[in-house]
Amino acid sequence: MAYTRRGWLAVVRLAGLGMLTPSLAGKAGASAFARLWATETGAAPCPFRLAVINDEITQDFEKACQIVSGEFGLRWIELRSMWNKNVTELTAKEVEDARKILIEHKLQVTDIASPLFKTDWPGAPLSPLSEKRDQFHANFDANAQENLLERCISLAKSFNTDRIRCFDFWRLDDQKPYRAAINAKLQQAAQRCAKDNLILLLENEMSCNTATGEEAAALLKAIPNKNFMLNWDPGNAAALAGTPYSTGYRMLPKDRIGHCHCKDVQLKPDHKYGWAPVGSGMVDWVGQLQALHRDGFHYGLSLETHWDGGGTPEKSSRISMDGLKKALINAGISC
């Protein structure tokens, strides 16, 4: 790193504060140093809420928080499941225990990554992509969705976040006969969230009716509520079809992107998709990150590892986080 005069003065001040001592040369110290360096030198802070979905690392919530905060040097985390339970099924005591762990590790929650509306649409032919297996320790049928939404609203308040993630029901061969009714249901949920000043984030998911950038743009146009936003996932879009960046992304209303998931995907010899560490697949993450920054996106940017080639979820997440941080550097973004 080439130091400016201001940078050298910052080094002197940080040394005086004990920030350059060997005891702080580890990962936690590096994180603290980086924050103070930014303060002292005027370096631009990370424009995104850089985070990891907790259960992509481990079901041990405390260990996940230790890694996210101490090792990765982040201040944000996304909640999906922990202790082999979906976040929506935690007891009151478990919620309080999780809150204490977050406080201890100085982590804030980007959103509640709920399974809301990841189910069959009532009355439609059964989707060929309808999942019968457990989805991240959650399996809620259509009749449970209203109660699930209320639970998510309660959790958002408990974890001090203004965002709840949802989906667009399992993907139908022909969604046109049901599209208006599905839109009405999603809009109703957004209106309910608005009563508590919450944002409903719909994730584009290859197994659901909204999967690509093109489909996401159409849905956002049909549901104009400002608190109904997109959880943009270029990896999911690439896994189905098309080029998420720049083709799919170009179609999106940029002020309606309220969260972004980071993972990568590669095509296998059988022409099916497989997950990959960020930066080693078909998603142009450098270009995508530059575009998000250029377009003023400043919300959660969460690593969703999925790739399991590292041997364990923990090791795989370390490799993929390294890829994401390299992509940020190559995009010219300081995080």
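- Of the possible polar contacts, none joining the Asp120 side chain to the Trp170 backbone as a donor-acceptor pair under 3.5 Å is found.
- With values rounded to the nearest 0.5 angstrom, Leu202 atom CG is found 9.5 Å from Leu116 atom CG.
- In the hydrophobic cluster analysis, where Ile, Leu, Val, Met, Phe, Trp and Tyr join through side-chain heavy atoms closer than 4.5 angstrom, Val109 is grouped together with Ile101.
- With contacts defined as side-chain heavy-atom distances shorter than 4.5 Å, the pair Thr88/Leu155 qualifies.
- A donor-acceptor pair under 3.5 Å is formed between the side chain of Asp60 and the backbone N or O of Glu62.
- In plain terms, the two heavy atoms of Gln290 and Asn330 that are nearest each other are NE2-O, 4.1 Å.
- Between Ile53 atom CD1 and Cys262 atom SG the span is 9.5 Å, to the nearest 0.5 Å.
- Close placement of the Phe169 and Phe117 rings is indicated, their centers lying within 6.0 Å of each other.
- Both Val68 and Val278 are members of a single hydrophobic cluster when ILVMFWY side chains are connected at heavy-atom separations under 4.5 Å.
- Ion pair Glu96/Lys93 not flagged as a salt bridge, since none of the NZ, NE, NH1 or NH2 atoms sits closer than 4.0 Å to an Asp/Glu carboxylate oxygen.
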Are Arg171 and Glu205 close enough, and set up right, to give a salt bridge (Lys or Arg N to Asp or Glu O under 4.0 Å), and what steps lead you there?
CA-CA 9 Å; Arg171 193 171 185 88; Glu205 156 73 51; over 6 Å; no

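- Contact of the Leu328 side chain with the Leu50 side chain is registered, since non-hydrogen atoms from C-beta on lie closer than 4.5 Å.
- A heavy-atom distance below 4.5 Å is found between the side chains of His261 and Asn231.
- In this structure, Ser317 and Glu314 have side chains that are not in contact, with every pair of non-hydrogen atoms separated by 4.5 Å or more.
- The CD1 atom of Ile333 sits 7.5 Å away from atom CG of Leu292, with the distance rounded to the nearest 0.5 Å.
- In this structure, Lys326 places its NZ atom where only 12 or fewer heavy-atom neighbours from other residues, nucleotides or ligands lie under 6.0 Å away.
- Within the 4.5 Å cutoff, the side chain of Asn204 has no heavy atoms near those of the Glu215 side chain.
- For Gln191, the CD atom sits in a packed shell: over 12 heavy atoms of surrounding residues, nucleotides or ligands are nearer than 6.0 Å.
- Ser69 places a side-chain N or O within 3.5 Å of a backbone atom of His105 that can act as its donor or acceptor partner.
- Using a 4.5 Å cut-off on side-chain heavy atoms (C-beta onward), Met206 and Tyr273 make contact.
- Formation of a donor-acceptor pair under 3.5 Å by the Asp264 side chain with backbone atoms of Gly281 is found in this model.
- Taking the six-membered ring for Trp and thresholds of 30 and 60 degrees, Phe297 and Phe48 have ring planes inclined between 30 and 60 degrees apart.
- For Pro115 against Gln145, the heavy-atom pair with the smallest separation is O-OE1, 4.5 Å.
- Residue Phe72 is not grouped with residue Trp76 when hydrophobic side chains (ILVMFWY) are merged at heavy-atom distances under 4.5 angstrom, including chains of intermediate members.
- Taking a 6.0 Å sphere around CG of Asp174, one finds it holds more than 12 heavy atoms contributed by other residues, nucleotides or ligands.
- Under the 3.5 Å distance criterion, the side-chain polar atoms of Asp270 are matched with a main-chain donor or acceptor of Lys272.
- Panel note: side chain Trp285, backbone Lys263; a donor-acceptor pair is recorded below 3.5 Å.
- Ion pairing of Asp322 with Arg318 is absent here, as no side-chain N (NZ or NE/NH1/NH2) approaches a carboxylate O to less than 4.0 Å.
- A donor atom on one side chain and an acceptor atom on the other are not found under 3.5 Å apart for Gln266 and Ser280.
- With respect to Glu104 and Lys100, no salt bridge is recorded, no charged nitrogen being found less than 4.0 Å from a carboxylate O.
- Checking Arg179 against Asn183 by side-chain atom types alone, a donor-acceptor pair falls below 3.5 Å.
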Go through it in stages, so that I can follow the logic: the residues are Tyr249 and Asp284, the test is side chain to side chain donor-acceptor pair (under 3.5 Å), and I'd like the CA-CA distance, side-chain angles, deciding distance and then a yes or no.
CA-CA 11 Å; Tyr249 177 78; Asp284 177 7; over 6 Å; no

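- In the hydrophobic clustering of ILVMFWY residues, with side-chain heavy atoms under 4.5 Å counting as a link, Ile77 and Leu301 come out together.
- Atom CD1 of residue Ile57 and atom CD of residue Gln59 lie 11.5 Å apart, to the nearest 0.5 angstrom.
- The two residues Gly311 and Ser316 have their closest heavy-atom pair at N-OG, 3.9 Å.
- Closest heavy-atom contact between Met82 and Ala98: SD-CB, 4.0 Å.
- Side-chain N or O atoms of Asp168 include none that pairs as donor or acceptor with a backbone N or O of Cys208 at under 3.5 Å.
- Atom OG1 of residue Thr210 and atom CD of residue Glu203 lie 11.0 Å apart, to the nearest 0.5 angstrom.
- A donor-acceptor contact closer than 3.5 angstrom links the side chains of Gln288 and Trp232.
- With Arg80 contributing its side chain and Asp55 its backbone, the two residues share no donor-acceptor pair below 3.5 Å.
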Start with the C-alpha gap between Gln175 and Trp121, add the side-chain angles, then the distance that decides, and say whether side chain to side chain contact (heavy atoms under 4.5 Å, CB included) holds.
CA-CA 10 Å; Gln175 56 181 282; Trp121 179 252; over 6 Å; no

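- No continuous path of ILVMFWY side-chain contacts below 4.5 Å connects Tyr245 to Met251, so the two sit in separate hydrophobic clusters.
- Of the possible donor and acceptor atoms, one in the side chain of Asn54 sits under 3.5 Å from a partner among the backbone N and O of Ser81.
- Contact detail for Val265 and Gly235: the closest heavy-atom pair is CG1-O, 3.9 Å.
- Residues Gly213 and Ala237 share a closest heavy-atom pair of N-CB, 4.5 Å.
- With contacts defined as side-chain heavy-atom distances shorter than 4.5 Å, the pair Thr110/Ser302 qualifies.
- Taking the side chain as every heavy atom from C-beta outward, Thr58 and Pro313 never approach each other to under 4.5 Å.
- Interatomic distance, NZ of Lys85 versus OG1 of Thr91, reported as 5.0 Å (0.5 Å rounding).
- Judged by distance alone, the side chain of Arg256 and the main-chain N or O of Met229 form no donor-acceptor pair under 3.5 Å.
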